[in-house]
Asker: 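Mind looking over this structure? Questions follow.
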Amino acid sequence: MSINENPSPANFIRHIINNDLKTNKHNGKVATRFPPEPNGYLHIGHAKSICLNFGLALEYHGTCNLRFDDTNPEKESEEYVESIKRDVHWLGFEWSELRHASDYFGQLYDYAVQLIKDGKAYVDSSTPEQIRANRGTLTEPGKNSPDRDRSVEENLSLFQGMRDGLYADGQYVLRAKIDMASPNINMRDPTIYRIRRVHHQRTGHDWCLYPMYDYTHCISDAIEGITHSLCTLEFEDHRPLYDWVLEQLNTPWRPQQIEFARLQLEYTIVSKRKLNQLVTEKHVSGWDDPRMPTIAGLRRAGVTPAAIRDFCERIGLTKKDSWIEMSVLEHCIREDLNQNSLRVMAVAEPLRVVITNYPDGQVENLTLGNHPQRPELGSRTVPFAKTVLIERDDFSENPPPKYKRLVPGGEVRLRGSYVVRCDEVIKDADGNVVELRCSYDPDTLGKNPEGRKVKGVIHWVSEAHSLAAEMRLYDRLFTVPQPDNEDNFLSVLNPDSLQVVSGCRVESSLATAAPESCFQFERIGYFCLDKDSGADNLVFNRTVTLREGWVKE
RNA sequence: UGGGCCGUCGCCAAGCGGUAAGGCACGGGGUUUUGAUCCCCGCAUACCAAGGUUCGAAUCCUUGCGGCCCAGCCA
């Protein structure tokens with residue numbers, strides 16, 4: 001499988017890379033990295049970054065590392081590390097090297113000592129409150145810390161003490177000595193090391209002080225020889241600091257940070273805190289609930305890696321804040337699934353149809369193609385018998401205009417089978433339709449009837465041969481396009497985001513379906529076999545509906 | 001109101017001084033044993049606004065207007 005199916009559209013990062021290649025800026029190399037913090041599950045927004053970084057490496061025959069930005073042990077865990085690796089692989093990418101920021105803790109520490117020796121960093125005993133108070137505001141400069149002019153010797157010994165565990169959490173921090181009057185707040189002596197006596201998922205108790213993101217990320221990039229360090233827009237203000245650190249340290253390699261706009265998808269939320277809240281408060285079944293925008297959720301819903309990659313390519317790459325409509329994602333999903341999923345028949349809400357003139361006990365094993373446009377995908381056997389089940393929706397006693405399904409006295413084609421006419425409608429005491437008596441035209445198998453046109457085609461299953469199933473019909477999780485803008489995002493949860501339809505009947509060929517396999521239930525939508533399936537009850541998640549060209553008013 | 005960034009069709013997005021690509025959505029038509037797919041056709045005299053430079057401006061300049069981000073010992 002090729003990851004780059006289509007010619008890549010132009011974007012500003014490719015322009016930069018092309019130009020860098022032309023001027024031999026990074027010795028003609030392209031080296032990227034995807035740097036998640038292992039503090040949550042990957043979501044569709046990460047997919048954009050993953051496709052970008054790994055995609056660029058593939059396209060330019062460069063490299064892309066998977067690097068865990070594990071500098072805050074309080075929030076990170078092994079579980080997340082594993083889920084991230086799994087998701088990146090599932091999306092179809094292989095990293096050049098697996099790295100962790102924690103691999104560099106030793107070098108980071110040594111570099112910090114160098115900064116101190118050069119008078120570029122100092123140990124501050126200010127409390128977080130004092131640091132905040134002295135930072136100034138957006139419009140006023142900050143004030144120097146009383147500790148700012150501590151001697152190099154004292155800084156060195158204090159920093160060593162921090163490393164040796166002599167001090168309590170928060171007692172001291174190491175700060176870069178830059179400019180408390182800078183209009184860029186990130187340059188007002190940012191903290192680069194803090195004391196945290198906590199266990200780290202990889203380094204255990206080796207360290208009791210941990211480096212901060214701004215200090216760590218640029219050095220990690222330099223160590224790995226990254227050429228283009230791609231990140232989202234909110235780090236734009238951090239770039240001067242990124243460059244400052246590498247400049248002071250005079251690192252042999254100088255990566256270039258480039259920022260792009262993060263993905264914002266309508267009707268979804270990607271804040272880790274809020275996603276976590278949805279899970280812990282049980283508004284969804286878990287991180288892999290098909291309504292979640294997580295990679296795991298999309299996967300369980302039946303969305304394919306190819307669809308996600310296609311989506312990430314189509315939405316473009318700019319520095320503009322933008323909101324992508326759901327229809328774009330849905331289009332990508334349908335495009336892949338239409339092309340690759342096998343067709344099958346399933347009845348969500350069955351209505352019994354007895355074909356009165358069909359011989360009792362007779363069964364015809366019909367051969368139906370698995371895909372209308374791709375005969376190479378083979379065929380399957382679908383049994384036809386006297387009693388079949390059709391969709392309740394496909395019969396109407398009082399049809400709306402343009403209705404072309406079954407009506408009393410009318411004819412319809414049973415998909416892949418015969419044309420039947422509805423002769424009689426059987427109702428229960430309450431007047432509900434419980435059964436249809438139909439007659440079939442034996443001369444319509446594989447051919448159109450003589451002298452009349454039958455425009456409707458409906459799906460069906462043989463009652464006796466069909467299998468029990470449950471369909472989980474998912475809809476958007478929120479009722480408004482930008483739930484994040486609400487005061488309380490929970491108040492705009494869509495109460496109808498999941499509709500469980502039980503009592504469905506599906507064709508017998510589905511008995512051997514593998515978990516996670518996707519099908520098109522003809523005329524209904526795309527469905528994926530869920531892990532909750534049992535032998536006597538198949539469970540299918542609806543990935544997306546079919547496009548609906550006709551809407552009953 | 002300090003600093004950084006951004007403004008091209010309903011939503012994305014190409015365009016980089018030579019006279020507005022493409023996708024999604026939408027509307028119309030055709031094919032079809034899935035009201036699916038597929039195939040045609042339509043969809044910005046106009047690029048946030050106003051001035052200016054130029055033979056020529058979405059592209060250059062000026063001034064406005066609008067939006068996003070930043071005051072964690074988070075990333």
Side-chain angles (χ1 to χ4, degrees), chain A residues 9-11 15 35-37 39 69-72 74-76 124 126-128 131-133 135-142 169-175 182-188 190-196 209-210 212-214 216-217 231-240 259 261 266 272 313-332 334-335 338-339 343 345 368 371-373 402-405 412-419 444-448 454-459 481 520-525 545-552:
Chain A
N11 65 47
H15 284 314
E37 182 188 14
N39 69 343
D69 229 329
D70 53 351
T71 57
N72 188 359
E74 289 169 295
K75 294 182 175 173
E76 299 154 6
D124 195 345
S126 302
T127 62
I131 289 181
R132 192 183 321 125
R135 185 151 32 222
T137 68
L138 295 179
T139 51
E140 304 158 42
D169 284 12
Q171 190 171 152
Y172 290 108
V173 292
L174 183 69
R175 290 230 254 167
S182 172
N184 180 345
I185 293 187
N186 295 300
M187 299 298 272
R188 319 239 261 230
T191 299
I192 59 177
Y193 264 97
R194 77 287 215 187
I195 301 173
R196 284 289 176 280
L209 80 171
Y210 293 95
M212 301 282 289
Y213 167 85
D214 285 309
T216 307
H217 205 85
C231 63
T232 43
L233 249 30
E234 67 271 26
F235 292 103
E236 217 154 16
D237 289 343
H238 296 237
R239 190 173 358 118
E259 311 84 10
E266 288 189 345
K272 281 178 182 170
E313 194 69 71
R314 277 180 200 246
I315 56 177
L317 187 74
T318 65
K319 300 186 67 149
K320 186 168 77 175
D321 279 300
S322 58
W323 284 87
I324 308 296
E325 293 178 343
M326 256 306 179
S327 62
V328 181
L329 212 211
E330 290 175 347
H331 172 83
C332 295
R334 290 193 184 105
E335 182 154 285
N338 172 55
Q339 186 79 213
R343 312 287 121 129
M345 289 195 286
L368 271 61
H371 191 114
Q373 283 84 35
K402 304 249 182 80
Y403 190 79
K404 50 187 234 194
R405 284 112 95 155
V412 77
R413 158 82 60 186
L414 292 180
R415 171 76 165 152
S417 174
Y418 300 95
V419 168
T444 54
L445 186 61
K447 58 173 148 178
N448 287 127
V454 175
K455 49 191 183 314
V457 179
I458 65 174
H459 55 97
Q520 184 196 100
F521 287 178
E522 289 202 80
R523 304 208 313 126
I524 303 185
T545 61
L546 251 29
R547 270 181 88 230
E548 186 59 272
W550 175 84
V551 194
K552 133 178 75 167

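The shown structure was predicted, so the numbers you read here are calculated from the model rather than taken from an experiment. Chain letters run A, B, ... following the sequence lines, proteins first and then strands; every chain starts at 1.
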Asker: I would like to know whether A/Gln520 and A/Leu546 meet side-chain contact (heavy atoms from CB on, under 4.5 Å); could you show each step before the answer?
Answerer: CA-CA 9 Å; A/Gln520 184 196 100; A/Leu546 251 29; 3.9 Å; yes
Asker: Establish whether the base of B/rU37 is bridged to the side chain of A/Gln339 by a donor-acceptor pair shorter than 3.5 Å.
Answerer: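 For A/Gln339, whose side chain was compared with the base of B/rU37, there is no donor-acceptor pair (under 3.5 Å).
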Asker: Between B/rG4 and B/rC74, how far apart are the P atoms? Round to whole Å, please.
Answerer: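 Roughly 27 Å separates the two P atoms.
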Asker: Measure the distance from NE2 on A/His371 to P on B/rU34 and round it to the nearest whole Å.
Answerer: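 One finds 12 Å between P of B/rU34 and NE2 of A/His371, rounded.
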Asker: Expressed as a whole number of Å, how far does the P atom of B/rA44 sit from that of B/rC11?
Answerer: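 That atom pair is separated by 15 Å.
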Asker: Could you tell me which residues satisfy side-chain contact (heavy atoms from CB on, under 4.5 Å) with A/Thr545, sequence neighbours excluded, listed by chain and number?
Answerer: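 A/Thr545 satisfies side-chain contact (heavy atoms from CB on, under 4.5 Å) with A/Arg334, A/Arg542 once adjacent residues are dropped.
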Asker: Checking A/Asn184 now: which residues fulfil side chain to side chain donor-acceptor pair (under 3.5 Å) with it, not counting sequence neighbours?
Answerer: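 With neighbours one apart ignored, the set is A/Asn186.
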Asker: Please identify each residue that fulfils side-chain contact (heavy atoms from CB on, under 4.5 Å) with A/Val173, with sequence neighbours left out.
Answerer: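 In terms of side-chain contact (heavy atoms from CB on, under 4.5 Å), with neighbours along the sequence ignored, A/Val173 is linked to A/Asp124, A/Ile131, A/Arg175, A/Thr191, A/Arg194.
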Asker: If you look at every strand shown and take non-hydrogen atoms under 4.0 Å, does A/Gln520 touch a base, only sugar-phosphate, or nothing?
Answerer: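 If one applies the 4.0 Å heavy-atom cut-off, A/Gln520 turns out to touch a base.
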Asker: Would you indicate what A/Lys402 reaches in the nucleic acid, counting non-hydrogen atoms under 4.0 angstrom: base, sugar-phosphate, or nothing?
Answerer: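 The answer is base, as A/Lys402 lies within the cut-off (heavy atoms under 4.0 Å) of a base atom.
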Asker: Closest approach to the side chain of A/Val457, judged atom by atom: which nucleotide of B/rU33, B/rA36, B/rG15 is it?
Answerer: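 In terms of side-chain proximity for A/Val457, the closest of B/rU33, B/rA36, B/rG15 is B/rU33.
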Asker: From CD of A/Gln373 over to P of B/rC39, roughly how many Å is that when rounded to an integer?
Answerer: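 It is 11 Å, rounded to the nearest whole Å.
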Asker: If the sugar-phosphate is the primed atoms plus P, OP1 and OP2 and the base is the rest, what is the B/S/- string for nucleotides 68-75 of chain B, using protein heavy atoms under 4.0 Å?
Answerer: SBBBSBSB
Asker: Look up atom NE2 in A/His217 and atom OG1 in A/Thr71, then write down how far apart they are to the nearest 0.5 Å.
Answerer: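 With rounding to 0.5 Å, NE2 (A/His217) is 10.0 Å from OG1 (A/Thr71).
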Asker: If you define the side chain from C-beta out and look only at heavy atoms, does anything of A/Lys272 sit under 4.5 Å from A/Lys75?
Answerer: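 No. Closest side-chain heavy atoms not under 4.5 Å.
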Asker: Between A/Gly446 and A/Ile324, name the one whose nearest nucleotide on RNA chain B is closer to the 5' end.
Answerer: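 So the residue in question is A/Ile324.
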Asker: Checking only heavy atoms, does the side chain of A/Arg405 share a donor-acceptor pair with the base of B/rG35 at less than 3.5 Å?
Answerer: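 A donor-acceptor contact between them is present.
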Asker: Would you please name every residue forming a ring-ring contact (aromatic ring centres under 6.0 Å, His included) with A/His459, sequence neighbours left out?
Answerer: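 Testing A/His459 for ring-ring contact (aromatic ring centres under 6.0 Å, His included), a comparison that skips the adjacent residues, returns none.
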Asker: Looking only at atom P, what distance separates B/rC61 and B/rC68, rounded to whole Å?
Answerer: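 Their P atoms lie roughly 26 Å apart.
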Asker: If you measure from the C1' atom in B/rC65 to the same atom in B/rG27, how many Å do you get, rounded?
Answerer: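 About 34 Å, rounded to a whole number of Å.
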Asker: Is there a Watson-Crick or G-U wobble partner for B/rU32 with both distances under 3.5 Å, and which nucleotide is it?
Answerer: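 B/rU32 is paired with nothing.
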Asker: With sequence neighbours excluded, tell me which residues meet ring-ring contact (aromatic ring centres under 6.0 Å, His included) with A/Tyr193.
Answerer: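 Scan of A/Tyr193 (ring-ring contact (aromatic ring centres under 6.0 Å, His included), adjacent residues dropped) gives A/Phe159, A/Tyr215.
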Asker: At less than 3.5 Å, do the side-chain atoms of A/Arg523 and the base atoms of B/rU34 form a donor-acceptor pair?
Answerer: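 Not at all, since no donor on one side and acceptor on the other fall under 3.5 Å apart.
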Asker: On a whole-Å scale, what distance lies between the P atoms belonging to B/rC26 and B/rC73?
Answerer: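 Between the two P atoms, the distance is 48 Å.
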Asker: If you look at every strand shown and take non-hydrogen atoms under 4.0 Å, does A/Leu445 touch a base, only sugar-phosphate, or nothing?
Answerer: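 Base, at least one base atom sits under 4.0 Å.
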Asker: Choosing from B/rC12, B/rU37, B/rG15, which nucleotide comes nearest the side chain of A/Asn338?
Answerer: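 Of the candidates, B/rU37 comes closest.
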Asker: Please state how far atom CD in A/Glu548 lies from atom P in B/rU34, giving the value in whole angstrom units.
Answerer: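 A/Glu548 atom CD is separated from B/rU34 atom P by 14 Å.
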Asker: Go through the structure and list residues passing side chain to side chain donor-acceptor pair (under 3.5 Å) with A/Asp214, not counting sequence neighbours.
Answerer: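 Only A/His238 meet the side chain to side chain donor-acceptor pair (under 3.5 Å) criterion with A/Asp214.
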Asker: With heavy atoms under 4.0 Å as the rule, sort A/Gly456 into base, sugar-phosphate or nothing.
Answerer: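 Since no nucleic acid heavy atom lies under 4.0 Å of A/Gly456, the category is nothing.
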Asker: With 3.5 Å as the limit, what N/O pairs link the protein to nucleotides 7-9 of chain B?
Answerer:
from, atom 1, to, atom 2, distance (Å)
B/rU8, OP2, A/Lys320, NZ, 2.5

Asker: Using atom C1' of each nucleotide, how far apart are B/rU45 and B/rA20 to the nearest Å?
Answerer: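 Comparing C1' positions in B/rU45 and B/rA20 gives a spacing of 10 Å.
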Asker: Mark yes or no for whether A/Ser182, through its side chain, and A/Met187, through its backbone, hold a donor-acceptor pair below 3.5 Å.
Answerer: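 Between the backbone of A/Met187 and the side chain of A/Ser182 there is no qualifying donor-acceptor contact (under 3.5 Å).
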Asker: Using the C1' atom on both, measure B/rC39 against B/rU32 and round to a whole Å.
Answerer: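 Taking atom C1' in both B/rC39 and B/rU32, they lie 11 Å apart.
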Asker: For a quick test of your reading: what N or O donor-acceptor pairs under 3.5 Å do the side chains of residues 316-324 of chain A make, sequence neighbours left out?
Answerer:
from, atom 1, to, atom 2, distance (Å)
A/Thr318, OG1, A/Lys320, N, 3.1
A/Lys319, NZ, A/Glu236, OE2, 2.5

Asker: Give none if B/rG42 has no partner; otherwise give the nucleotide forming a Watson-Crick or G-U wobble pair with it, both distances under 3.5 Å.
Answerer: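 B/rG42 is paired, partner B/rC26.
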Asker: Would you give a per-nucleotide map of nucleotides 21-32 of chain B, 5' to 3', where B means the base has a protein non-hydrogen atom under 4.0 Å away, S means only the sugar-phosphate does, and - means neither?
Answerer: --SSSS------
Asker: Under a 90° cut-off about 0 for the syn range, is B/rG66 syn or anti?
Answerer: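 For B/rG66, whose glycosidic angle is more than 90° from 0, the conformation is anti.
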Asker: Tell me the partner of B/rC5, counting only Watson-Crick (N1-N3 plus N6-O4 or O6-N4) or G-U wobble (N1-O2 and O6-N3) with both under 3.5 Å; none if nothing fits.
Answerer: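 In the structure as shown, B/rC5 has B/rG67 as its Watson-Crick or wobble partner.
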Asker: Give me the distance, rounded to whole Å, that separates B/rA21 from B/rC41 when you measure between the P atoms they each carry.
Answerer: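 To the nearest whole Å, 15 Å.
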Asker: In whole Å, what is the span from the CD atom of A/Glu140 to the P atom of B/rG3?
Answerer: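 Distance check: A/Glu140 CD to B/rG3 P gives 14 Å.
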Asker: Heavy-atom nearest nucleotide on RNA chain B for A/His15 versus A/Gly549: which residue maps closer to 5'?
Answerer: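 Its nucleotide being nearer the 5' end, the pick is A/His15.
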Asker: A/Gln339: which residues meet the side chain to side chain donor-acceptor pair (under 3.5 Å) condition with it, sequence neighbours left out?
Answerer: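 Counting only residues at least two positions away or on another chain, A/Gln339 forms no side chain to side chain donor-acceptor pair (under 3.5 Å).
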Asker: Measure from CE on A/Met345 to C1' on B/rA36 and round the result to the nearest Å.
Answerer: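 Computing the A/Met345:CE to B/rA36:C1' distance gives 15 Å.
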Asker: For A/Lys447, which residues count as a side chain to side chain donor-acceptor pair (under 3.5 Å) partner, sequence neighbours excluded?
Answerer: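 Only A/Asp443 meet the side chain to side chain donor-acceptor pair (under 3.5 Å) criterion with A/Lys447.
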Asker: Do NZ/NE/NH1/NH2 and the carboxylate oxygens of A/Arg415 and A/Glu522 come within less than 4.0 Å?
Answerer: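 Yes, A/Arg415 and A/Glu522 are salt-bridged.
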